[in-house]
Protein chains: 2
Amino acid sequence: MPMQDMHPVHHECGDCPIRHRAVCARCEADELSRLEQIKYYRSYQAGQTVVWSGDRMDFVASVVSGIATLTQTMEDGRRQMVGLLLPSDFVGRPGRSTAAYDVTATTDLVMCCFRKKPFEDMMLSTPHIGQRLLEMTLDELDAAREWMLLLGRKTAREKIASLLAIIARRDATLKLKAAKGPLVFDLPLTREEMADYLGLTLETVSRQISALRREGIILLDGKRHVTIPDFDLLLEEAGDDSDGGVLG
Amino acid sequence: MPMQDMHPVHHECGDCPIRHRAVCARCEADELSRLEQIKYYRSYQAGQTVVWSGDRMDFVASVVSGIATLTQTMEDGRRQMVGLLLPSDFVGRPGRSTAAYDVTATTDLVMCCFRKKPFEDMMLSTPHIGQRLLEMTLDELDAAREWMLLLGRKTAREKIASLLAIIARRDATLKLKAAKGPLVFDLPLTREEMADYLGLTLETVSRQISALRREGIILLDGKRHVTIPDFDLLLEEAGDDSDGGVLG
DNA sequence: CAACAGCCTTGACCCAGATCAAGACCAGGA
DNA sequence: TCCTGGTCTTGATCTGGGTCAAGGCTGTTG
């Protein structure tokens with residue numbers, strides 16, 4: 001086993017199986033080494049497609065670095081993003097052999113993969129992993145339902161504000177930053193990708209971002225670099241009551 | 001144990017824990033009797049609220065008969081349905097003590113409940129149940145993602161056609177009916193509830209249903225009784241490519 | 001350097017679906 | 001029997017966001 005693939009039992013690395021760091025507290029060296037044996041890495045360049053909907057997909061994976069999206073496309077080309085995968089998020093479904101969505105790398109992407117069959121075997125023999133996976137899936141379901149409220153009932157302005165809040169919050173979480181003070185980050189999505197996320201056109205996305213900038217709710221440096229001087233102000237525009245975190 | 005609560009190991013009843021009939025093939029009499037000991041029934045009238053979002057919820061449950069909905073509401077009253085629960089569907093989240101959504105009975109409803117603590121204990125000692133729950137949650141996540149495509153990108157007409165297709169399909173499944181021939185069923189939702197499902201207003205729902213009726217794609221007897229002479233014709237209007245089942 | 005390609009912005013106009021309003025239908029209660 | 005309230009339909013009008021079109025900005029390639 002190469003050096004960089006070894007780590008202690010209670011490691012904190014981002015490439016662990018199904019956010020493995022959260023499981024480690026109770027896991028055994030034995031489990032870990034079994035996971036080590038079936039894992040491998042894959043890298044993709046920004047814009048590359050990981051799998052197409054309907055393709056055979058014989059692995060599950062977790063995002064190590066970079067950002068990936070899940071999208072659905074109708075025959076006439078209308079697209080809807082249905083998942084946004086940030087580092088530590090899980091991709092793939094145990095018990096299914098073909099991908100249900102297009103998976104695309106929107107930035108350079110590294111994933112930690114597990115061949116499906118051995119992974120499923122491990123799930124059977126190691127209840128922790130299944131439990132952790134259930135927890136993560138339930139979180140994703142909650143996020144999807146928050147997203148449904150956004151798609152069905154929010155205005156364009158509220159949609160943009162919500163998306164910026166989601167990205168800002170997740171970015172702050174990843175950086176382990178304190179909640180207060182202005183938030184600064186780079187948008188990981190193009191205007192078109194944001195439109196696909198929000199059920200809008202890219203023109204509307206552009207217009208609403210310009211409006212928020214004009215009104216001082218966000219600051220823009222270039223097209224991607226965002227500063228949020230007052231997060232509460234942004235949340236007000238988003239129309240959220242609960243400010244529970246929403247993820248991909 | 002009262003007579004009506006006893007059943008053989010490979011029963012087919014609809015009130016079983018987390019669609020228990022699907023687990024039975026591999027479950028033991030022992031497990032079953034433990035489940036029997038922690039289960040109880042609750043009934044609600046049409047229109048009654050089961051729990052409000054934010055309320056304490058110390059049970060998980062599966063729908064025995066009738067229909068329930070999960071909805072989210074914004075402060076100004078905009079509502080979005082985020083789940084439609086038909087018989088055998090599961091409600092509640094292990095590991096969370098308050099409800100995240102309003103749960104409402106839209107028809108008379110019977111649920112088979114399990115107090116949360118003993119249910120969670122059982123999950124730990126009985127891997128089957130956790131596995132089955134993971135499977136069901138993944139199905140729900142897929143359904144939610146299909147729903148997101150509907151909310152974000154479909155026209156009003158496509159939304160209505162999709163909803164009718166979903167209800168017709170699930171209804172046929174519950175009745176174990178053959179796929180061919182005209183489908184006949186009663187709409188379990190008011191126009192307003194359909195609107196909340198689809199991210200539309202009730203007027204638009206009404207107009208689009210009228211349009212589909214005028215064009216012979218559906219037949220209406222009264223306001224609720226629907227006949228679909230040709231299911232494929234309906235699917236065409238729905239704009240679906242995959243005709244995989246979508247559920248609540 | 002110019003030419004080009006991606007990405008983004010802004011304007012002008014249009015239309016699907018929201019909003020506002022009026023009434024139809026139907027079941028239940030007095 | 002007539003009310004009454006809930007549900008549904010239909011019409012008239014309005015508007016948020018889509019569509020079409022014309023550039024602007026920036027980085028890359030020759």
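Model, not experiment: these values are computed from the prediction. Labels below follow one simple rule: chain letters A, B, ... track the order of the sequence lines, proteins then strands, and each chain is numbered from 1.
- Here B:Ser206 lies in heavy-atom contact (under 4.0 Å) with a base.
- Listed by first and then second residue, the side-chain hydrogen bond (donor to acceptor under 3.5 Å, both in side chains) pairs that reach into residues 43-58 of chain B are B:Arg42-B:Tyr44, sequence neighbours excluded.
- As rounded to whole Å, 14 Å separates atom C1' of C:dC26 from atom CG of B:Asp221.
- Counting to the nearest Å, the P atom of C:dA16 and the CZ atom of A:Arg78 are 13 Å from each other.
- Closest approach to the B:Arg224 side chain among C:dC8, D:dT10, D:dC8 is made by D:dC8 (side chain taken as heavy atoms from C-beta onward).
- Rounded to whole angstrom, the span from the CD1 atom of B:Ile209 across to the C1' atom of D:dT7 amounts to 12 Å.
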### Query
What is the per-nucleotide protein-contact pattern of nucleotides 11-20 of chain D, from the 5' end, where B denotes a base atom under 4.0 Å from a protein heavy atom, S denotes such proximity for sugar-phosphate atoms only, and - denotes neither?
BB----SSBB
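- For A:Arg224 (side chain) and A:Leu187 (main-chain N/O), a donor-acceptor pair under 3.5 Å exists by modelled atom type.
- D:dG24 atom P lies 13 Å from atom NZ of A:Lys223, rounded to whole Å.
- Rounded to whole Å, atom C1' of D:dT7 lies 9 Å from atom CG of B:Leu202.
- In this structure, the CD atom of B:Glu192 is 11 Å from the C1' atom of D:dC8, given to the nearest Å.
- Protein atom CD of B:Glu193 is 15 Å distant from nucleotide atom P of D:dG6, rounded to whole Å.
- Electrostatic pairing of A:Arg213 and A:Asp221 does not count as a salt bridge here, judged by no charged N lying under 4.0 Å from a carboxylate O.
- A salt bridge links A:Asp139 with B:Arg93: at least one charged nitrogen is closer than 4.0 Å to a carboxylate oxygen.
- A salt bridge does not link B:Glu140 with B:Arg145: none of the charged nitrogens is closer than 4.0 Å to a carboxylate oxygen.
- The distance between atom NE2 of A:His225 and atom P of C:dC8, rounded to the nearest whole Å, is 16 Å.
- With hydrogens and angles left out, the side-chain atoms of B:Lys154 and B:Ser162 include a donor and acceptor closer than 3.5 Å.
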